[in-house]
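Below is one structure, written out as structure tokens, with a few remarks after it.
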Amino acid sequence: MYNFNLPNLPERSKKSRISGITMVMDKGLSVHDSENFADASADFTDFVKFGFGTSILTNNLQKKIDIYKEAHIKPYFGGTLFEAFLIRNMLDDYMKYLDKYKVETIEVSDGSMKIPHEKKCEIIQKLSSNYQIISEVGSKEAGVVIPPERWTSMMKDELEAGSFKVIAEARESGNVGIYNTSGGAETALIKNILKTVKADDIIWETPLKAQVVWFVKLLGANVNLGNIAPNEVIPTETLRLGLRGDTFLHFLPDALKKNNL
């Protein structure tokens, strides 16, 4: 995978990954852009999310889906689109839409509408028999505070219901949910979540570089990261490996850290 076997790099998981997942947000790439992205970054990308409701508007949607699949990247549609169908009582139509485009992963979320959590878990359990489920916990609305114990109980319940991973909500802006309005990590909340939910079961939305750095330093090279921009996949990988200034010393043994020439 690498062009040179540089020693003292952290060991990265290989596809198909259970940990160290990178989920990319596609907010409207062209077919040509998708081809270029897959050519450059497929080895480091596990999922591509067609953000929010963009798949409804995307030109050449099937061709883009095929490009990602051929690159061994799993495509799926944003949770907001799932909610847009659900609030209209059109869940069966959503399944038909997924099947039409041969999309096998579903994001089940309730960030834009209120779904009783028991009902959400019932939906996850029902859909998980035929699809890979990634569920999302947290509100997209700024100022909505979910107590830490509620975060953990919802995550655990959704995993038990059949979710492959749970996403910790941050939006594409990176300033709600697990972050404060300035984009800084809600440290107490995150550490509380990690006391009872395994890190490998969570995809942390990290649209901002500083957020990637924070989670790599907290949980290591194989932390699951989401909402990465297509042009930030390889830069994100360098942060995972200590090949960028922000994490340069983080993975080095102490003897090398002292080796300032």
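Scope of the values below: all heavy atoms of this structure, side chains included, with no hydrogens, waters or symmetry mates. Please read these numbers as outputs of a predicted model, since none were measured by experiment. Residues take their numbers from the sequence shown, with the count starting at 1.
Side chains of Asn222 and Ser13: a donor on one and an acceptor on the other come within 3.5 Å. Between the side chains of Tyr101 and Ser55, no donor-acceptor pair is found at a separation under 3.5 Å.
Minimum heavy-atom separation, Glu83 to Met113: OE1-N, 2.9 Å. Of all non-hydrogen atoms in Asn224 and Asp201, the two that sit nearest each other are ND2-N, 4.5 Å. Of all heavy-atom pairs between Phe50 and Pro75, the closest is CE1-CB, 3.9 Å. Closest of all the heavy-atom pairs between Pro230 and Leu29 is CG-CD1, 3.9 Å. Ala185 and Ile190 get closest at one heavy-atom pair: CB-CD1, 3.9 Å.
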### Message
Could you go through Ile234 and Phe44, starting from their C-alpha distance and side-chain angles, then the distance that decides it, and tell me whether this counts as side chain to side chain contact (heavy atoms under 4.5 Å, CB included)?
### Response
CA-CA 7 Å; Ile234 291 178; Phe44 311 111; 4.1 Å; yes
### Message
Working note: Tyr2 + Leu241, criterion side chain to side chain contact (heavy atoms under 4.5 Å, CB included); need CA distance, chi angles, decisive distance, verdict.
### Response
CA-CA 11 Å; Tyr2 303 144; Leu241 295 174; 3.5 Å; yes
### Message
The test is side chain to side chain contact (heavy atoms under 4.5 Å, CB included); show your working for Leu91 and Phe82 and say whether it passes.
### Response
CA-CA 8 Å; Leu91 189 56; Phe82 161 82; 3.7 Å; yes
### Message
Run the side chain to side chain contact (heavy atoms under 4.5 Å, CB included) test on Val137 and Trp151 for me, step by step, so that the C-alpha distance in whole Å, both residues' side-chain angles and the decisive distance to 0.1 Å come before the verdict.
### Response
CA-CA 7 Å; Val137 172; Trp151 276 86; 3.6 Å; yes
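When the ring pair (Phe, Tyr, Trp, His ring centres under 6.0 Å) test is applied to Phe248, no partner is found at least two apart in sequence or on another chain. By the side-chain contact (heavy atoms from CB on, under 4.5 Å) test, Asp99 is found to be paired with Tyr131, residues two or more places apart in sequence or in another chain being considered. Not counting sequence neighbours, Pro7 has no partner by the side-chain contact (heavy atoms from CB on, under 4.5 Å) test. With sequence neighbours left out, Asn130 forms a side-chain contact (heavy atoms from CB on, under 4.5 Å) with no residue at all. With sequence neighbours excluded, the residues forming a side-chain contact (heavy atoms from CB on, under 4.5 Å) with Asp46 are Lys15, Arg17, Ile21, Thr22, listed by chain and number. Legend: residues meeting side chain to side chain donor-acceptor pair (under 3.5 Å) with Thr105, ordered by chain and number and at least two apart, are Gln132. Asn192 pairs by the side chain to side chain donor-acceptor pair (under 3.5 Å) definition with nothing, not counting sequence neighbours. Residues passing the side chain to side chain donor-acceptor pair (under 3.5 Å) test with Asp26 are Lys64, Tyr68, sequence neighbours excluded.
At distances below 3.5 Å, at least one donor-acceptor pair connects side-chain atoms of Thr247 with backbone N or O atoms of Leu239. Not a single donor-acceptor pair under 3.5 Å links the side chain of Asn8 to the backbone N or O of Leu252. Of the possible polar contacts, one joining the Lys165 side chain to the Ile18 backbone as a donor-acceptor pair under 3.5 Å is found.
Considering NZ of Lys191 and CG of Leu218, their distance stands at 6.5 Å, rounded to 0.5 Å. The line from CG of Leu98 to CD1 of Ile106 is 5.0 Å long, rounded to the nearest 0.5 Å. One finds the CD1 atom of Ile65 at 11.0 Å from the CG atom of Asn60 (value rounded to the nearest 0.5 Å). For the atom pair CG of Asp110 and OG1 of Thr80, the computed distance is 11.0 Å after rounding to the nearest 0.5 Å. Between Ile193 atom CD1 and Ser153 atom OG the span is 10.5 Å, to the nearest 0.5 Å. Interatomic distance, Ile115 CD1 to Ser109 OG, rounded to the nearest 0.5 Å: 7.0 Å.
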N/O donor to acceptor pairs below 3.5 angstrom from side-chain atoms of residues 121-128, sequence neighbours left out:
| residue | atom | partner | partner atom | Å |
| --- | --- | --- | --- | --- |
| Ser128 | OG | Ile124 | O | 3.2 |
| Ser128 | OG | Gln125 | O | 3.0 |

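Within the structure, the salt bridge (Lys or Arg N to Asp or Glu O under 4.0 Å) test picks out the following pairs touching residues 146-159 (sequence neighbours left out): Lys120-Glu158. Applying the ring-ring contact (aromatic ring centres under 6.0 Å, His included) test to pairs two or more places apart or on separate chains, those with a residue in residues 193-215 are Trp204-Phe215. Evaluation of the salt bridge (Lys or Arg N to Asp or Glu O under 4.0 Å) test over residues 48-58, restricted to residues two or more places apart or in two chains, returns Lys49-Glu107, Lys49-Glu205.
In summary, of the residues considered (Arg240, Gln211, Met23), a side-chain contact (heavy atoms from CB on, under 4.5 Å) with Leu225 occurs for Arg240 alone.
Ile56 places none of its side-chain heavy atoms less than 4.5 Å from the side chain of Phe77.
Within 6.0 Å of atom CD1 in Ile87, 12 or fewer heavy atoms from other residues, nucleotides or ligands are found, so the atom counts as exposed in its surroundings. Around CD of Glu11, the count of heavy atoms belonging to other residues, nucleotides or ligands within 6.0 Å does not exceed 12.
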